[in-house]
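See structure below.
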Amino acid sequence: MSHTKPKVRTRFAPSPTGYLHVGGARTALFNYLYARAMKGTFIVRIEDTDVERSTEESYNQMLESLAWLGLDWDEGPGVGGPHESYRQSERIEIYREHAAKLVAEKKAYYCFCTAEELEIKKKKREGMGLPPVYDGKCRSLSDEEVKVKLDQKTGHTIRFKTLDKEIIVRDIVQGDVKFDTAIIGDFIIIKSNDYPSYNFAVVIDDHLMEINHVIRGVGHLSNTPRQILIYHAFDWNEPAWAHVSEIVGSDHKKLSKRHGATSITAFRDMGYPREAFINYMSLLGWSPPGGKEFMSEADITGQFDIARCSKSPAMFDVFDLSKAGEVELNLLSAKELENYLFAKSKLNWLSNQHIRALTEEEYLERIFPFVSDCNCIPENELKKDNENLKSILLSLRVYLDYLQQIRHYICDFYADIEPTHEANEWLTRENGSKIVKSLFENLNSIHDFSAENIQKAFSTVSAETSIKGKELFMTIRSAATGKVHGLELPVYLSLLGKKRVIHRLEKLI
RNA sequence: GUCCCCUUCGUCUAGUGGUUAGGACUCGGGAUUUUCAUUCCCGCAACAGGGGUUCAAUUCCCCUAGGGGACGCCA
């Protein structure tokens with residue numbers, strides 16, 4: 001008889017209290033990657049038990065960001081699954097039932113202490129240098145006393161009865177970590193508003209949803225003993241734990257809003273391919289055994305192993321905070337954000353590689369929205385099936401780190417040009433106008449404005465003017481494009497088209 | 001304050017009780033490209049500090065510093 005290993009089930013469980021940021025996205029990614037690598041199931045569950053802070057807007061944006069990253073969940077909001085609902089706010093009864101069971105078994109108890117009372121006690125203990133744990137006052141209430149208070153509708157919480165013992169968290173990335181329950185105390189599992197606390201709801205849901213691998217930020221490590229206590233109280237099996245390092249900003253502090261634009265949508269809006277962003281995030285705290293860092297999603301899932309994750313925090317430093325100063329980066333548009341980006345970040349390098357790895361169709365499809373955003377292209381030319389536009393976009397892609405950058409290049413093909421200072425220097429040289437005149441004549445006589453024919457015309461110009469080499473070509477480049485850098489010249493001119501080139505030259509004569 | 005965790009080039013990281021401490025991005029130089037980009041080659045650059053243990057420590061132990069987290073009716 002062969003026993004089959006249970007399928008790996010992982011989950012990402014965000015609370016909808018803000019946008020999905022890089023830290024959360026990386027956690028989601030690792031859960032997703034591990035599930036895919038192990039041919040398991042990836043679940044998304046929404047932890048919205050904080051009624052004050054949870055918003056519908058955040059809920060929607062969270063799912064939208066996950067969907068953009070392509071972290072398709074097998075069970076969760078929108079797709080359903082065998083353990084619905086996947087929103088904690090719709091599972092409240094489940095938590096209450098489970099809490100009642102613990103109370104009945106004397107593993108938890110009603111607590112009638114008020115928030116004010118607790119606050120005073122906490123201060124006092126702190127003053128004495130003791131850990132501010134609950135003193136267990138209501139633990140000893142008799143059933144009768146409890147019944148009376150309950151009948152009087154006295155406000156209450158339910159606390160877990162924490163027994164003295166040492167808890168060891170056996171963690172795949174952190175190793176064995178010991179905790180003493182003395183500093184935990186009797187913690188609340190049901191809040192006075194009758195909603196479950198995080199530590200309680202998480203355990204109930206993870207168990208019921210058959211999650212067997214909990215992958216999350218190391219910030220949760222010290223919550224884990226509480227959760228283990230609850231697993232034990234119900235006599236449930238613990239999942240495997242994996243607490244991965246947090247992501248920090250360039251100031252070495254945990255990523256937060258002040259680090260700016262850590263929202264996933266900001267990167268989407270700038271035109272980073274989702275493949276690139278995933279590739280980059282996968283490298284934050286994990287490294288492929290082979291060492292090759294430019295990877296497709298399939299490359300990554302083929303190699304991903306949670307056991308190879310690092311304990312030390314990774315820095316997410318694509319933004320130059322010193323340049324930003326007091327600017328609130330999160331409020332900037334995608335275009336403005338560009339000014340604060342480190343142009344030569346690894347993210348940009350990866351992104352450039354991914355853009356170039358896209359199929360032509362895929363690339364054109366994705367870049368078009370960014371192109372139509374540039375106002376320089378005449379409406380009659382701004383068509384998805386415009387072959388000339390397509391060729392231009394294709395030739396430009398090697399320059400792009402993210403799709404939005406197209407606006408820095410595309411207008412050179414359409415707008416009227418103003419020669420740069422350097423270009424003017426070539427044009428105003430002794431032979432400048434001679435070259436431009438000859439060029440004009442020779443290009444004007446071409447019928448098929450192909451790169452080959454343009455190249456031939458260059459030869460004729462060279463023969464006519466007795467000028468060759470750098471002077472010839474830089475002058476031509478300056479005249480036709482107004483710049484001293486750019487694409488290969490014959491190709492460039494053929495993409496520009498005869499009409500525009502001739503028009504530009506005419507203005508210089 | 002108490003407890004827990006972390007620290008390898010600027011950044012992401014590999015790795016080991018004996019290695020010229022490896023790779024990638026960035027940066028510098030060179031080749032190719034009559035330009036830029038691409039591509040290729042070469043180079044700069046790190047084991048936080050101090051004590052142990054050991055024939056030998058970046059690796060194991062302790063301390064210090066720095067960073068993070070928990071001690072919530074937040075998740």
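Lettering follows sequence order; numbering is per chain, from 1. From a predicted model like this one, the values you see are computed outputs, not experimental measurements.
The gap from the C1' atom of B:rU58 to that of B:rU13 amounts to 15 Å, rounded to the nearest Å. Comparing B:rU20 with B:rA46, their C1' atoms sit 15 Å apart, to the nearest whole Å. B:rC4 and B:rC63: their P atoms are spaced 10 Å apart (whole Å). Rounded to a whole angstrom, the distance from the C1' atom of B:rU64 to that of B:rU7 is 13 Å. Between the C1' atoms of B:rG29 and B:rC44, the separation comes to 10 Å (whole Å). Taking the P atoms as reference points, B:rG49 lies 30 Å from B:rC42, given to the whole Å. A distance of about 24 Å separates the C1' atoms of B:rC9 and B:rC5, rounded to the whole Å.
Using a 4.0 Å cut-off between charged nitrogen and carboxylate oxygen, A:Lys137 and A:Glu117 count as a salt-bridge pair. A salt bridge is absent between A:Asp186 and A:Lys161; no separation between the charged side-chain nitrogens and carboxylate oxygens falls under 4.0 Å. Between A:Glu293 and A:Lys346 there is a salt bridge, since a side-chain N of the basic residue sits under 4.0 Å from a carboxylate O of the acidic one. Ion pair A:Arg87/A:Glu56 flagged as a salt bridge, since at least one NZ, NE, NH1 or NH2 atom sits closer than 4.0 Å to an Asp/Glu carboxylate oxygen. Ionic pairing of A:Arg45 and A:Asp206 is present here: one or more N-O contacts between side-chain nitrogen and carboxylate oxygen are shorter than 4.0 angstrom.
Using a 4.0 Å heavy-atom cutoff across all strands shown, A:Thr157 reaches at least one base atom of the nucleic acid.
Nucleotide B:rG17 forms no Watson-Crick or G-U wobble pair with any nucleotide shown, as no partner meets the under 3.5 Å limit on both distances. The pairing partner recorded for B:rA75 is none, the criterion being a Watson-Crick or G-U wobble arrangement whose two distances lie under 3.5 angstrom. Figure legend. B:rG66 is base-paired to B:rC6; pairs are counted as Watson-Crick or G-U wobble with both atom distances under 3.5 Å. The partner of B:rA56 cannot be assigned: no Watson-Crick or G-U wobble pair with both contacts below 3.5 Å exists in any strand. Nucleotide B:rU11 forms a pair with B:rA24, judged by Watson-Crick or G-U wobble geometry with both contacts under 3.5 Å.
At least one side-chain nitrogen or oxygen of A:Ser287 sits closer than 4.0 Å to the OP1 or OP2 atom of B:rA14. Residue A:Lys191 has a polar side-chain atom (N or O) positioned under 4.0 Å from OP1 or OP2 of B:rC74. Within the 4.0 Å cut-off from OP1 or OP2 of B:rA75, at least one side-chain nitrogen or oxygen of A:Thr49 is found. A:Lys311 has a side-chain polar atom (N or O) that falls below the 4.0 Å cut-off from OP1 or OP2 of B:rC6. The phosphate of B:rG15 has OP1 or OP2 within less than 4.0 Å of a side-chain N or O from A:Arg308. Proximity of A:Lys344 to the phosphate of B:rC12: no side-chain N or O atom is located under 4.0 Å from OP1 or OP2. Applying the 4.0 Å criterion to OP1 and OP2 of B:rU39, one finds that A:Gln353 has a side-chain N or O inside that range.
Rounded to an integer number of Å, the gap from CG of A:Leu283 to C1' of B:rA24 is 8 Å. Between A:Met295 atom CE and B:rU13 atom P the separation is 12 Å, expressed in whole Å. In this structure, CG of A:Leu221 is placed 11 Å from P of B:rA70, rounded to the nearest angstrom. Look at CD on A:Glu488: it is 11 Å from P on B:rU33, rounded to the nearest Å. At whole-Å resolution of the value, CG in A:Asp171 and P in B:rC4 are 16 Å apart. Rounded to a whole Å, the OH atom of A:Tyr492 is 21 Å from the P atom of B:rU33. Put simply, CZ on A:Phe187 is 13 Å from C1' on B:rA70, counting in whole angstrom units. B:rU11 atom P lies 12 Å from atom OH of A:Tyr280, rounded to whole Å.
Relative to the side chain of A:Val177, the nucleotides B:rG23, B:rG68, B:rC4 differ in distance, and B:rC4 lies closest. Of the candidate nucleotides B:rU38, B:rC73, B:rA75, B:rC73 has the atom nearest to the side chain of A:Ile188. Taking every side-chain heavy atom of A:Arg356 into account, B:rU39 is the closest of B:rU39, B:rC25, B:rA75. With B:rC73, B:rC12, B:rC71 as the candidates, the nucleotide lying closest to the side chain of A:Glu293 is B:rC12. Out of B:rC71, B:rU35, B:rC36, the shortest distance to the side chain of A:Tyr399 is found at B:rC36. The listed nucleotides are B:rU11, B:rA70, B:rU35; the one nearest the side chain of A:Met315 is B:rU11. Distances were taken from every side-chain heavy atom of A:Asp317 (C-beta onward) to each of B:rU26, B:rU11, B:rA75; the shortest belongs to B:rU11. Between B:rC6, B:rU26, B:rC74, one nucleotide has an atom nearer to the side chain of A:Arg53 than all others, and that is B:rC74. The listed nucleotides are B:rA75, B:rG72, B:rC12; the one nearest the side chain of A:Ala314 is B:rC12.
Side chain A:Asn223 to base B:rA75: a donor-acceptor pair is found below 3.5 Å. The base of B:rC73 sits with one of its N or O atoms less than 3.5 Å from a complementary donor or acceptor on the side chain of A:Ser192.
Counting heavy atoms of neighbouring residues, nucleotides and ligands inside a 6.0 Å radius, atom CD of A:Glu166 exceeds 12 of them.
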Check: protein-nucleotides 40-50 of chain B nitrogen or oxygen pairs below 3.5 Å:
none

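Remark: A:Arg159 is not positioned above the aromatic ring of A:Tyr109, lacking an NZ or CZ atom under 6.0 angstrom from the ring centre and at most 45 degrees off the axis. Within the cation-pi definition used here (under 6.0 Å to the ring centroid, within 45° of the axis), A:Arg407 does not qualify as a partner of A:Tyr409. Cation-pi geometry between A:Arg226 and A:Phe160 is not satisfied (NZ or CZ under 6.0 Å from the ring centre, within 45° of the ring normal).
Rounding to the nearest 0.5 angstrom, the gap separating the CD atom in A:Glu238 from the CD atom in A:Gln227 is 10.0 Å.
Each of A:Val218, A:Leu284, A:Ile306 was evaluated against A:Val244; a single residue qualifies, A:Ile306, per the side chain to side chain contact (heavy atoms under 4.5 Å, CB included) test.
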